[in-house]
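Beneath this line is the structure, given in structure tokens, with notes to follow.
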4 protein chains.
Amino acid sequence: MRIGVFCSGGDAPGMNACVRSVVRGATSAGHEVVGINRGYQGLVDENLFLDSLGEAKMSARSVSNIIQRGGTILRSARCQAFQTEAGMQKAVETLEKFKIDGLIAIGGNGTFRGLNELVERWDGRVIGVPGTIDNDLVGTDYTIGFSTAVQTAVDAIDKLRDTAESHERLFLVEVMGRHSGYLALYTALAAGAEVACIPETPTDIPGMVDHLHSLQQTGKKSIIVVVAEGDELGGALILQDKLQKAKCSFALRTVILGHVQRGGSPTPDDRILATRLGDFAVRSISEGATAMMAGEINHECVLSPIKDSFSKRKELPKEMIDLLDRMSK
Amino acid sequence: MRIGVFCSGGDAPGMNACVRSVVRGATSAGHEVVGINRGYQGLVDENLFLDSLGEAKMSARSVSNIIQRGGTILRSARCQAFQTEAGMQKAVETLEKFKIDGLIAIGGNGTFRGLNELVERWDGRVIGVPGTIDNDLVGTDYTIGFSTAVQTAVDAIDKLRDTAESHERLFLVEVMGRHSGYLALYTALAAGAEVACIPETPTDIPGMVDHLHSLQQTGKKSIIVVVAEGDELGGALILQDKLQKAKCSFALRTVILGHVQRGGSPTPDDRILATRLGDFAVRSISEGATAMMAGEINHECVLSPIKDSFSKRKELPKEMIDLLDRMSK
Amino acid sequence: MRIGVFCSGGDAPGMNACVRSVVRGATSAGHEVVGINRGYQGLVDENLFLDSLGEAKMSARSVSNIIQRGGTILRSARCQAFQTEAGMQKAVETLEKFKIDGLIAIGGNGTFRGLNELVERWDGRVIGVPGTIDNDLVGTDYTIGFSTAVQTAVDAIDKLRDTAESHERLFLVEVMGRHSGYLALYTALAAGAEVACIPETPTDIPGMVDHLHSLQQTGKKSIIVVVAEGDELGGALILQDKLQKAKCSFALRTVILGHVQRGGSPTPDDRILATRLGDFAVRSISEGATAMMAGEINHECVLSPIKDSFSKRKELPKEMIDLLDRMSK
Amino acid sequence: MRIGVFCSGGDAPGMNACVRSVVRGATSAGHEVVGINRGYQGLVDENLFLDSLGEAKMSARSVSNIIQRGGTILRSARCQAFQTEAGMQKAVETLEKFKIDGLIAIGGNGTFRGLNELVERWDGRVIGVPGTIDNDLVGTDYTIGFSTAVQTAVDAIDKLRDTAESHERLFLVEVMGRHSGYLALYTALAAGAEVACIPETPTDIPGMVDHLHSLQQTGKKSIIVVVAEGDELGGALILQDKLQKAKCSFALRTVILGHVQRGGSPTPDDRILATRLGDFAVRSISEGATAMMAGEINHECVLSPIKDSFSKRKELPKEMIDLLDRMSK
């Protein structure tokens, strides 16, 4: 087979590890690999990855020493052109021109919506691999990049805790997550934060203030509130304002972590997940699978229909929300 | 209830997060907590954790700001005295004197053997929580500390790879694991190492040299071989010698990571696992469980007989060994 | 002597290392040390550090295992009460009540203004130690905390560069520095940023856009602009807006690092500087110095009048600004 | 001018930052740059760095995004062939063949001895830049790589301290430094170690044991002894043996940090020093300097005769040794 591979959407740590795995898994099995630069845009523009000899081919050496790098050597993009019928036709032409039989796309739900369109216009096989820091895709316990984003956010909060303790302050820390509270909840649990404000649960300001005041009476010196950017009351700055108006007695400060969460050397977990899923995607596609997403559920590699990944809502584990409450003392 | 908690055996990152969780989970449910210093030794010596007022009691404030710290505020030890009948009797007397009804012990298989003895001599309830970097305990997918140890080893290899690439060398990196290859295998996968030498599989020197030479011919500049200290051929220095004798054409260097692997701020994974299991241990013990280990299997908290944890052998996933082979190109 | 020590103003990484050094340097020389909590506020409130026996005394053991911790065990505060004559009188009474002969204050220019007032109202000796991430104090090459703040900002930009390269973007990164460009300039140099916008030099938007476009034509894929919060055109968000209006052809994103820069485990440089200056402050005060700041110039410990530290302006090295220009290619 | 640049000897973090600076400083001034792979070996073998078009030329783009990487893209080597007259002649021929007028070599004292030989056989100009983790070169306050090596060693000891405290142990930590105690002494100061054993001072075992026992009596739970590999009594394992025989009452463990110290992303200090010295080397060579080493003394760039760098002994600051003693309480 001749397998194409690209990254699309917001970059996520571990994408490089996944590209490496696709290339090595495929060449181990005797397939050829073509890298496409800048996601769908590269399909529209015929922008292919060239090796050191200038050939549109990826070999084991093309992916040496990248498992530990953030970002992606194939670059990524959000592509407007592909949203049009003409763009999609152009992408199909590129796939045919370069005789690609199977396509592996690493990205999030926007990427997978695109794959779904492609499937209806192209005969080749298509597999998605979940690469996004949001962990908002059904069909896998964790997405590639989530573990590193939690690590980055927790590292930042560990630093803020030093100042919070020294100055007896409350910090509101905004993390990514427009529609999902996964990143906020896991960050809060691991950082020992007192509160997580997430889209999945109502944020009750008077209740929160009462709780924080009761903590203060037990001698608590500092408070960390983790806020998902998609919390239904708004981001951290809006919450700071509401807490002030509700007469919260702590001195308040807000930090918005922003794009730092997308970068950095991937954690071992993300590298292993990416390696496993890339290899599994190659084996699946060569066995005939198509229109599926490769995921890991209960430590097993599994396929699920690509449509499920963006049409179904991934639930947050209620147990973890309760656990945070019990720890907030 | 009055719950005692201690750490025992080699320390593991996340033990503090687990102590915090036991204390907060227990006090949330209305129980009292007594901390015992230095594991079984503290039971033999009546060495209890004193709060800032000098009382033998742990409150939510006793465990503030420790979730991110390596080591353990309760200290740990390997205790000779407890190995004798007299020592065990003394430990039982201490438990009775301080009116402890339930005991939660965080440690590895030595710790759990001790619990098993205690169960036969004491009426109270006993729960073990798996805290060891070796991940060698049946009854849980991962042990507390394993994730951080992998991270530490991978960080070290990322640094070595810089030198290995610059100087075109092979590094043998010895990691902990006297009886288990988990740490070596996961480190190798995440670090992009070419070979893992582990107790579970035979190490074939001529085959390895052939493989390395074939990699060299494809242009590979550097090689990383991760060696479990318990590999059946011996540690990394012995392997270096054998590779030299087998005329391996790479320049060889050995690094033994040593105790650095036991320390450091725990990863988010270890903090969350520790938090979950500490809280689950409290809930289990208050519901009547005893002689069980609290573990996490397929993301669910589960209890299993404490005896299983040290009498059964935890298998390495064969799939991961094969995956490493396919990536080693 | 009986030496008092406190931290005041914004916390800075290395304050703990400095407190440790004051305590150990003083006790080595036979002096007693009293810790004051929360800066001037603690003097006003008689809020002293108590050791494990409840005594208002710091011993070598009080400062064990803190050299690596961010924040400060003495806590810090900005004190309103001390700004009044009554507050200052109360502080003097506390110093006399506890028979303190010498006072060592770790902080920035606000702290030193306070010391200057104290000197006029109290007979004891007074030494300041420069602890602030801003490096804006005359009388020392570097202040305690600056090195760590640069490290934190550079780490963040290393992560952003991954995304910037993958998405071919320009990131504006706002760092602290209301009146000084030190942090922005050193961060930019170390992070390989293309531009630093600082209060000391005019920010020329059309010139910057021309320069960035010329870089783009040489194949440059990503741009990092470091912005001091005190840049004369305003912070990073205002600059983003101005760049957009000036038709900058890169996709623009802004990240505001915020309080994360104040925390974290101090770098070796900050730990050594803090250790050296704390010890030097003790030796100076015991030899009779007063109303001076302890600093390090050309690797030598030196004293300079405390008034200079806040009344004179510290110049940025012009050579470093030119160097950044030559590297921006 | 046409400037050649290479790295030689043991790699040091910051070498890439220095190569980047040489290339950008030179091209800013209108010079051409040729990269030589693998140090002197590349001169002997005509092994030049090729850009993406296959030309033996380095441009600003050749060094994009490397300031943060450990190792060196030019690779490094210790070269036997250059030790012979024939090898040196071959190197001179290569320099002439590629019309190189000036050569900038980044490395340690072995590298500079080589430059000294070259100067006698070749008409071009020659400048050395100090790149070695040992900080053992006269003519500069610090060498490129030293700061990062200290950081790596201190990070490791911070982790070991967790275990040392938890288990009440003494760790001997061996760091690099065959002839110089700089790395050991600065690591010890920054890590809060109790003792540094270095080549420059006699190691007195009975005195050390007495001191450690007196610390133990003040309640000290853990001890860190940093040992330079070149300490006159031998490395850490020999010292462990001697301490045991001298009846040291702490439980002893040894960790040998090894090659990990050479790798890793350079600290901001190393990046800035490397950037400054690379640029200064270019300006010096274009102004006619030769047979000199570029260094930084008291924050100023200075040239000193290349012979001094390896023929004179760099003294350790006695003041820092005394400071460590006062802190060891």
Side-chain angles (χ1 to χ4, degrees), chain C residues 17 20-21 23-25 27-29 59-61 63-68 141 147 150-151 153-155 157-158 161-162 165 186-187 189-192 215 218-222 265-272 275-276 279-280 282 297-301 317 319-320 323-329, chain D residues 17 20-21 23-25 27-29 59-61 63-68 141 147 150-151 153-155 157-158 161-162 165 186-187 189-192 215 218-222 265-272 275-276 279-280 282 297-301 317 319-320 323-329:
Chain C
R20 169 183 181 266
S21 173
V23 171
R24 295 199 173 171
T27 52
S28 281
S59 71
R61 286 291 69 71
V63 293
S64 277
N65 216 7
I66 66 167
I67 194 173
Q68 76 275 38
D141 290 332
S147 165
V150 172
Q151 175 81 64
V154 168
D155 281 352
I157 296 178
D158 285 353
R161 184 72 81 173
D162 291 337
E165 280 284 307
Y186 279 67
T187 295
L189 272 168
L215 290 177
T218 71
K220 193 111 191 171
K221 299 288 187 212
S222 70
S265 180
T267 61
D269 267 12
D270 271 334
R271 298 185 196 184
I272 293 175
T275 300
R276 234 185 142 187
D279 175 80
F280 176 63
V282 167
I297 293 182
N298 290 342
H299 313 297
E300 298 284 323
C301 290
E319 189 193 340
M320 292 301 203
L323 181 59
L324 183 65
D325 280 349
R326 282 196 297 278
M327 292 300 116
S328 178
K329 299 199 51 134
Chain D
R20 170 183 180 267
S21 173
V23 171
R24 295 198 173 173
T27 52
S28 282
S59 72
R61 285 293 69 70
V63 292
S64 276
N65 217 6
I66 66 167
I67 193 173
Q68 76 274 39
D141 290 333
S147 165
V150 172
Q151 175 82 64
V154 168
D155 281 352
I157 296 179
D158 286 354
R161 183 72 81 173
D162 291 337
E165 279 285 307
Y186 279 66
T187 295
L189 272 168
L215 290 177
T218 71
K220 193 111 190 171
K221 298 288 187 213
S222 68
S265 180
T267 61
D269 267 11
D270 271 333
R271 298 185 196 186
I272 293 175
T275 300
R276 237 186 141 187
D279 175 81
F280 176 63
V282 167
I297 294 183
N298 291 341
H299 314 297
E300 299 283 325
C301 290
E319 189 193 339
M320 292 301 203
L323 182 58
L324 183 65
D325 279 348
R326 283 196 296 278
M327 293 300 117
S328 178
K329 297 198 54 135

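Throughout, protein chains are lettered first and strands after them, A, B, ... in sequence-line order, and every chain is numbered starting at 1.
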Rounded to the nearest 0.5 angstrom, the CG-OG distance for C/D325 and D/S28 is 9.0 Å
How many angstroms lie between CD1 in D/I272 and OG1 in C/T187, if you round to the nearest 0.5 Å? 8.0 Å
Between D/R61 and C/L215, which heavy-atom pair has the shortest distance, and what is it? NH1-O, 4.5 Å
Can you list the residues that meet the salt bridge (Lys or Arg N to Asp or Glu O under 4.0 Å) rule with C/E319, with sequence neighbours excluded? D/R276
Checked D/H299, D/R161, D/K221, D/E165 vs chain C; the most non-hydrogen pairs under 4.5 Å come from D/H299
Taking all heavy atoms of C/M327 and all of D/G25, pick out the closest pair and write down the distance. CE-N, 3.8 Å
Which portion of D/F280 sits near chain C, non-hydrogen atoms under 4.5 angstrom: neither
Residue selection (most heavy-atom pairs with chain D, distance under 4.5 Å) from C/T218, C/D155, C/I157: C/T218
CE-OG1 distance between C/M320 and D/T275, expressed to the nearest 0.5 angstrom: 9.0 Å
Go through the atoms of C/T27 and report whether side chain, backbone, both or neither lie under 4.5 Å from a heavy atom of chain D. both
Of the non-hydrogen atoms in C/V150 and D/P268, which two are nearest, and what is the gap between them? CG1-CB, 3.7 Å
Looking at D/T267, D/V63, D/N65, D/D269, which makes the most heavy-atom pairs under 4.5 Å with chain C? D/N65
Top contributor to chain C interface from D/P266, D/P317, D/C301, D/G219 [non-hydrogen pairs under 4.5 Å]: D/G219
Which one wins on heavy-atom pair count under 4.5 Å against chain C: D/Q68, D/E300, D/R20, D/K220? D/K220
Let's go through C/K329 and D/V23 carefully: what are the C-alpha distance in whole Å and the side-chain angles of both, what is the deciding distance for side chain to side chain contact (heavy atoms under 4.5 Å, CB included) to 0.1 Å, and is it a yes or a no? CA-CA 10 Å; C/K329 299 199 51 134; D/V23 171; over 6 Å; no
Let's test your reading of the structure: which of C/D158, C/D270, C/V154 forms the most heavy-atom pairs below 4.5 Å with chain D? C/D158
Minimal non-hydrogen separation, C/I67 against D/L189, with atom names: CD1-O, 3.5 Å
Scored by heavy-atom pairs under 4.5 Å with chain D, the best of C/S147, C/S265, C/A29, C/A190 is C/A190
Could you look at D/R24 and say if it's the side chain, the backbone, both or neither that has a heavy atom under 4.5 Å from chain C? both
By a 4.5 Å heavy-atom criterion (distance strictly below it), what part of C/D141 contacts chain D: side chain, backbone, both, or neither? side chain
